[in-house]
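Atoms within a ligand are numbered from 1 in the order they appear, just like the ligands themselves. For reference, positions follow the sequence shown, starting with 1.
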Amino acid sequence: MLTIQSPETQPWTKAEFEATLRAQHQRYHHLHPFHQRMNAGQLTPQEVRLWVLNRFYYQRSIPLKDAAILSNCPDREVRRVWIDRIIDHDGRKDSEGGIEAWIRLGEAVGLSRQEMLDDRAVLPGVRYAVDAYVNFCRTRPWIEAIASSLTELFGPDAIKDRLVALEKHYSWIDPKGFDYFRTRLTLAPQDARYALNLVLQHCLTRESQEKAVQALIFKCDLLWSQLDALARGDTRPIGK
Ligand code: AHQ
């Protein structure tokens, strides 16, 4: 029997689907007032340290969410590629990895390694956003979790602008501390391209396409809410 699909249920073409994913750029955290203030050189050293310390909780959670995606993904070809993301952050014998590079960023802004690794300093709003991301990747189908990583379509331009601003306005920070961002400028576009192709290739029904877009919106919102918490600062009666 011929089933006529209505415009609301008909799958998007690949071009329409990709355009809908890329349209979420308008929700990306480069537009958040905190990042806008950072790029304008208006953050105090204390605000920079708060950002570096709290973003570190996000960075060191990335391998956990990527390992969750691996554990849910039955496709060996995908796992063989995706596993590199864990190594990019955790490092291995011959490479320090992004987590170590972020600790060096912490030291460059005046935080000790011990402070960076002290979970108690993480703001509640940051912790809950990051933990929500890890749990999303643990509990949702692997392709939806991969779709949530597509914020990296927007990352490189934001990091490029940030790097220029940090070097221009924050001369009190040793620029070697920014090595992490320089590495992302190479890795993020590769990661985003691979993830986008997987999502376009696997989400062929309108329902799966819309779930992929919702996963990307969810991720934009969690990145946004981290910065909302940072903009408010530590309002707890007892800091740790
Ligand atoms: O440094 C970042 C990073 O390693 C990742 C992994 C990726 C993912 O899998 O969700 N997202 C991401 C991001 C990183 N840096 C953020 C920034 O603004 O510095 C951007 C963030 C992202 O866009 O998701």
task: Mind checking ring pair (Phe, Tyr, Trp, His ring centres under 6.0 Å) for H25 and listing every partner two or more places apart, or none if nothing turns up?
output: H30, F154
query: What residues form a ring pair (Phe, Tyr, Trp, His ring centres under 6.0 Å) with Y58, not counting sequence neighbours?
result: none
field: Neighbour count above 12 (heavy atom, 6.0 Å) for Q46 CD
entry: no
- prompt: Which residues, ordered by chain and number, are linked to L204 in its hydrophobic cluster, where ILVMFWY side chains connect at heavy-atom gaps below 4.5 Å, directly or through other members?
  reply: none
message: What I'd like to find out is whether the side chain of Q36 reaches to under 4.5 Å of the side chain of H32, using heavy atoms alone.
response: no
- prompt: Would Y180 and Q59 count as having a side-chain donor-acceptor pair, cut-off 3.5 Å?
  reply: yes
- line: Using heavy atoms and a strict 4.0 Å limit, residues surrounding ligand 1 turn out to be Y28, H29, R55, Y58, Q59, I62, K65, R85, H89, Y133, S149, T151, E152, I159, R162, Y180, R184, K219, L223
